[in-house]
There are 2 protein chains.
Amino acid sequence: MSEAAGKRSFSRRPRAERMEQIEAAARDVFSRNGFAAASISEIAAGAGVVEGTIYKYYENKRDLLLTVLQRWYESMIADYVDQLAGVAGLRNRLRFVIWRHLKSIKDNPDLCRLFYAEVRGSDDYYESTLYRLNREYTNVLMRILRDGMAAGELRPDLSIALVRDMIFGGIEHHVATFLARRGELDVERAAEQLTDMVMAGIVQPPPAPASLGLEAAVRRLERVAERLDPPARGEQQDTGPC
Amino acid sequence: MSEAAGKRSFSRRPRAERMEQIEAAARDVFSRNGFAAASISEIAAGAGVVEGTIYKYYENKRDLLLTVLQRWYESMIADYVDQLAGVAGLRNRLRFVIWRHLKSIKDNPDLCRLFYAEVRGSDDYYESTLYRLNREYTNVLMRILRDGMAAGELRPDLSIALVRDMIFGGIEHHVATFLARRGELDVERAAEQLTDMVMAGIVQPPPAPASLGLEAAVRRLERVAERLDPPARGEQQDTGPC
DNA sequence: TGGATTTGATGAACTTCATTCATTACGCTC
DNA sequence: GAGCGTAATGAATGAAGTTCATCAAATCCA
C-alpha cells in the first residue's frame, strides 16, 4: 500500500449529474459492444469513474442497461401523440405510426438491437418500467385501430391485438437484416408497403366501388325510360335518400 | 495431491454417444435456465461428465447452444415438406404453414425462447448453420407465395419477403406472452385469424364483387327495355341454373 | 469559522464462471 | 499383454461482475 506518493483526489458531483455521465457512457459502450461484451470497467472509464461508483447508482449491469433504454423510450414517446394529432385519416395515421417506428429504428439501431435481444423476452420485462412505456407506445396504434373499427372503416371481426402484433412484428422482422448491418433500410418504401399490405387486409371493402357509377348510369337510363313511359311504378327504394 | 485413497474411474464412450448425452443435458439446462444462467458445470453434471470434457466436443458454451438448437431445427424441418404436400389450395397451404409454426412454438417454448433471444440477432447468426436451416424453413412459405402469385391468386405487386416478415413477425409477437409464461396460446384460433388477416390483405379481390349488383342492374335495364318493347324475347341465360 | 455530518467516491478483495491444459486411464489392435 | 490413440479428468487460470471497508469533498450548524 504505497499511499505515500500522492493522495487520490477526485471530483465529487451531484447525483443527477453523475448519473447522466454514467448513462451516457453506458449507452455508448452498450451500443458498441452489446450487453454481454460490454464491461463495467469500460463504462466506468468512459464516465471518469471507478467501477464501484456505478453500483452506488444502479443495482447491477442489467439495471443500468434498462435505465439507458428507458431514457431512450421516454424521448421517443415525448412528442409522439402531439405529432400524430396533426395527421388525419385512418390510413394516414396508420402509415404515420409505421413510418415513425421504422424511423426510430433507423435512427437508433444499436439501442433497438439491445431492446430486442436483451430486454423483451427476459423474465423481468413484464414488471419493468420499460414494459409500461412500451404499452403506452403501442396503445397509440391500438386506439387508432379501435377508432377505425368504431367508424366502420375496419372489419368489425378483427382482433385488434393481432393487427398490432402483425404490424410491429412485421416491422421487426423486416428490419432484421438492417439491424444486423447486412442491408439498408428504406423507411419510406417500407412504410408504404406495410401500410398498404395491412390496410388491404383489414379495411372493409367499400360496399360497391363500381356500383355507384353503375347506379348512376342505370338511374339515367331509367329516367330515359320514364320519359318514354311517364308514370311508371315507384322503384327507388334502395338508393337511400333520393 | 491425495491420489492415494481411490483412483478415479470413468466410463469411456464413443464420440457420438457422449455427444448425445451432453446435448441432452445441455438442452435440459438451457431450457430451464436460459443461456446466461446455465452453467457448464450443471450441464456436465447432467451428462455425467466433467467440465473439461465438454470442451473436447464443442468450441464453447455458445457453440453447444447452437448445436442443441440446430438438432431441434433439423427435426422440425424433417417432415415439413412431406406434410405440406398433402395440403392443397393456397389458403389451406398458408394456413398449414402458420399452424405448424405456431404448434412447434407451443410444443417447445423453451427452445423457441432461446432461439429468439440468444441466436437470432447475434453477430454470427448469418454465418451459422442455423441461419441456413431457417432460410430453408421459411423458403417453404416463400414458394407458396410465389406460386400463388404466378397463379394470379395474389396481388402481383406484393413484396413476397414482406409478407413472410409479417407472418413470422406477427406470429412471434403474438406468442410473446405465451413464451413469457403469462398467457395461453390457442394454436387453432391464432392460425385461423392470422391466415384470414393475411389473406384478406394479399389476396387479389375477386374480379367483381360488384357483379352481383351488376346482375341487379341488368335486371332493371331489362325491365326498362320491357317498358319500351313489352313482350321481349326470353333472356335469362346468365342467371345460373334458372 | 471550524468541527460534525452527510454522502459521493475509491479500489482492492471476493465470487462466480467459462475456458485451458498437463496428466491419467480406458479400450482396442497387433 | 504391450503399446498406442484418444476419451476423460480436475485443478489452474483469467476475466468480469459485485461487495465493502475506508476515505474525502461538500454541506450544515453553532
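Proteins come first, then strands; the chains are lettered A, B, ... in the order of their sequence lines, and each starts at number 1. Note that the structure is a prediction, hence the values are computed from the model and not measured.
- In this structure, of dT19(C), dA8(D), dT7(C), it is dT7(C) that holds the atom nearest to the side chain of R12(A).
- If one axis is set at each end of the helix from dT1(C)-dA30(D) to dC30(C)-dG1(D) from five pairs, those axes are 10° apart, to 10°.
- Atom OH of Y55(A) and atom P of dT7(C) are 23 Å apart (whole Å).
- One can place CD of E17(B) at 17 Å from P of dC26(C), the figure rounded to the nearest angstrom.
- In the model, Y55(B) has no side-chain atom that pairs as donor or acceptor with a side-chain atom of N60(B) under 3.5 Å.
- Within a heavy-atom distance below 4.0 Å of DNA chain D, the residues of residues 38-50 of chain B found are V49(B), V50(B).
- Counting non-hydrogen atoms under 4.0 angstrom, Y58(B) reaches nothing in the nucleic acid.
- Within 4.0 Å of K61(A), counting heavy atoms only, lie sugar-phosphate atoms of the nucleic acid but no base atom.
- In this structure, R15(A) does not reach the dT7(C) phosphate: none of its side-chain N or O atoms is under 4.0 Å from OP1 or OP2.
- For the contact set between residues 22-35 of chain A and DNA chain D, defined by any heavy atom under 4.0 Å, there are no members.
- For the pair I54(B) CD1 and dC21(C) P, the computed distance is 18 Å after rounding to whole Å.
- Rounded to whole angstrom, the span from the NZ atom of K56(B) across to the P atom of dC21(C) amounts to 10 Å.
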